[in-house]
*Asks:* 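Please read through the structure below; I'll follow up with questions.
First listed ligand is number 1; within each ligand, the first listed atom is number 1. All values below were derived from every heavy atom in this structure, side-chain atoms included, with hydrogens, water molecules and symmetry-related copies excluded.
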Amino acid sequence: MLKIHIPYAHASSIFDIEMDFFKKEGVKTLLVDLDNTLDSYQTKTPSKRVYELKDKLAENGIQMIIVSNNTGKRVTTYATELNVPFISSIGKPFARKLIKKMKELGIDLTTSMMVGDQTVTDIACGNRAKIKTVLTDKIVKEDQPTTHFNRLFDRPIRRSLKKKNLLREWRSL
Ligand SMILES: [Mg+2]
């Protein structure tokens, strides 16, 4: 486990987090991972609860942006259907493309927060970009084949974070 793998907070699921948490943290832009954070990689179109989450965020003045390592087609179809901005093939765990795109979109990183289900990609990228991060658990058991390799690292990192008491629940903050 490295320092970049330590999330700011942990939530069982993005759907559990109350809007008050984001507001208290001063979040204006929520950068959300797609696969196994919002929906299964096999789900082509957004689930009902994802639409509800987007609307609830919007009502609270928070813009959702999908940031995915997945390729253009999958992300474009999904995000277009949901009608939110997106960045595909973003290159997590690295933050170079994210920072560049945020600049292009005129988005302030200091009022952004990253949410994702993988320490080695989502959390590392957010920390590198100096964005607050929330680590979630997988929403479905199945990962896409390319993620299996990452899980070999993600699982022991999570164990280590737990053991060292470094997974702070969002409710406790
Ligand atoms: Mg994911």
*Asks:* Taking the side chain as every heavy atom from C-beta outward, state whether D33 and K92 have any pair of such atoms under 4.5 Å apart.
*Replies:* yes
*Asks:* Can a salt bridge be assigned to the pair D143 and R151 using a cut-off of 4.0 Å between side-chain N and carboxylate O?
*Replies:* yes
*Asks:* Report the atom name of the nearest N/O/S atom of D33 relative to the Mg ion (ligand 1).
*Replies:* OD2
*Asks:* With the Mg ion (ligand 1) as the point of reference, which N/O/S atom of D35 is the closest?
*Replies:* O
*Asks:* Considering all heavy atoms of both residues, which atom of S88 and which atom of G72 are nearest to each other, and what is their separation?
*Replies:* OG-CA, 3.5 Å
*Asks:* Of all N/O/S atoms in D117, which lies nearest to the Mg ion (ligand 1)?
*Replies:* OD1
*Asks:* Closer than 4.0 angstrom, basic N to acidic O: yes or no for R158 and D137?
*Replies:* yes
